[in-house]
Amino acid sequence: MGLRRPSWFAVLLTVAGTLLFIRLGVWQLDRAAEKDELLRRYAASATAPQEDFSGVAIDPPGDRYPRVAVSGQFVPGREYYLDDQTHASQQGIHVYAPFKVDGKTYLLLVDLGFLPREAGHMPQVPPLPSGRLSLKGLYVPTPGIGMRMGGNALPTQNAWPKTTIYLDTTEIGMDLKQRMFPRVLLLDADPHAAYVRDWTPGFMPPARHRAYAFQWFTFALAAVVIFIILHRKPRRGAKGRSE
């Protein structure tokens with residue numbers, strides 16, 4: 001069985017579609033590998049020994065999330081609410097506050113934890129602790145911002161606390177007119193705190209990315225199969241037998 005000569009349009013459409021499906025499948029596999037690595041880093045950090053913050057503050061290691069301890073005090077009245085967050089199927093916010101570390105000129109952004117919305121309304125946020133404090137937690141990159149639209153909304157807000165759906169330490173620093181450490185501190189869990197501090201990343205699991213990759217590769221194979229079926233020559237004698 002041979003193939004009829006296809007049109008250039010059919011060839012280009014099939015090739016373009018197949019390459020696109022393969023590229024999307026590879027991208028999903030890459031995303032799965034990234035999620036695997038992220039989960040590994042969080043798991044390793046859970047049992048890692050405490051490190052000196054000064055050694056990782058400005059130039060943190062790219063392959064792990066150090067467990068650190070800092071002393072200082074919160075900058076009062078300068079909280080940021082990271083909106084549009086989800087935990088255990090609940091919508092809510094993460095509350096961030098700048099922290100003045102003893103002996104440092106930079107400010108450290110601290111994630112106090114997650115608070116669920118109450119009947120769709122903004123939750124009641126506890127007041128910041130005052131005075132000198134000692135904090136412990138993981139020193140991690142800011143949450144990924146994904147596809148960003150609308151620009152930086154912080155300068156347009158005059159009242160505190162400020163609400164955002166993206167978090168960027170550079171923009172926070174510009175807003176506070178202070179230099180910021182490049183990462184944020186995820187506070188250790190506290191059973192007495194109002195905040196939820198479950199730092200397991202709440203993202204699509206790696207297995208689902210791999211399932212999507214398999215789906216895209218299947219589409220690529222289907223495009224080739226459909227091309228062959230549509231352009232195969234009929235078998236000899238098929239017309240005579242049908243009469």
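Between Val125 and Glu79, every side-chain heavy-atom pair lies at or beyond the 4.5 Å cut-off. The shortest side-chain heavy-atom distance between Arg31 and Tyr212 does not fall under the 4.5 Å cut-off. Inter-residue side-chain proximity for Glu51 and Arg64 is flagged as met; some heavy-atom pair is nearer than 4.5 Å. Looking only at side-chain heavy atoms (C-beta outward), Thr14 and Ile226 stay at 4.5 Å or farther from each other.
Residue Arg5 qualifies as open at atom CZ: its count of foreign heavy atoms under 6.0 Å is 12 or below. Within 6.0 Å of the CD atom in Gln124, the count of heavy atoms belonging to other residues, nucleotides or ligands does not exceed 12.
Connection of Leu82 to Tyr195 is not established within any shared hydrophobic cluster, with ILVMFWY side chains joined at heavy-atom distances below 4.5 Å, either directly or through further cluster members.
Nearest heavy atom pair, residue Thr169 against residue Pro182, reads OG1-O, 3.6 Å. Across Gly62 and Arg183, no two heavy atoms sit closer than the pair CA-NH2, 4.2 Å. Pairing each heavy atom of Phe99 with each of Val70, the nearest pair is CE2-CG2, 3.9 Å. Of all heavy-atom pairs between Gly72 and Asp102, the closest is CA-OD1, 3.3 Å.
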Identify each donor-acceptor pair in which a side-chain atom of residues 105-119 lies under 3.5 Å from a protein atom, sequence neighbours left out, and give them as a table.
residue, atom, partner, partner atom, Å
Tyr106, OH, Arg179, NE, 3.4
Tyr106, OH, Arg179, NH1, 3.3
Tyr106, OH, Arg179, NH2, 3.0
Asp111, OD1, His94, ND1, 3.1
Asp111, OD1, Gly113, N, 2.9
Asp111, OD2, His94, ND1, 3.1
Asp111, OD2, Tyr96, OH, 3.1
Arg117, NH1, Gly120, O, 3.4
Arg117, NH2, Asp83, OD1, 2.9
Arg117, NH2, Asp83, OD2, 2.7

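The main-chain N or O of Asp188 is never found under 3.5 Å from a side-chain atom of Lys136 such that the two would form a donor-acceptor pair. Using a distance-only test at 3.5 Å, with no hydrogens or angles considered, no donor-acceptor pair links the side chain of Thr164 to the main chain of Leu167.
The salt bridge (charged side-chain N to carboxylate O under 4.0 Å, His left out) test applied to Arg208 returns no partner, not counting sequence neighbours. With sequence neighbours excluded, the residues forming a ring pair (Phe, Tyr, Trp, His ring centres under 6.0 Å) with Trp160 are Tyr80, listed by chain and number.
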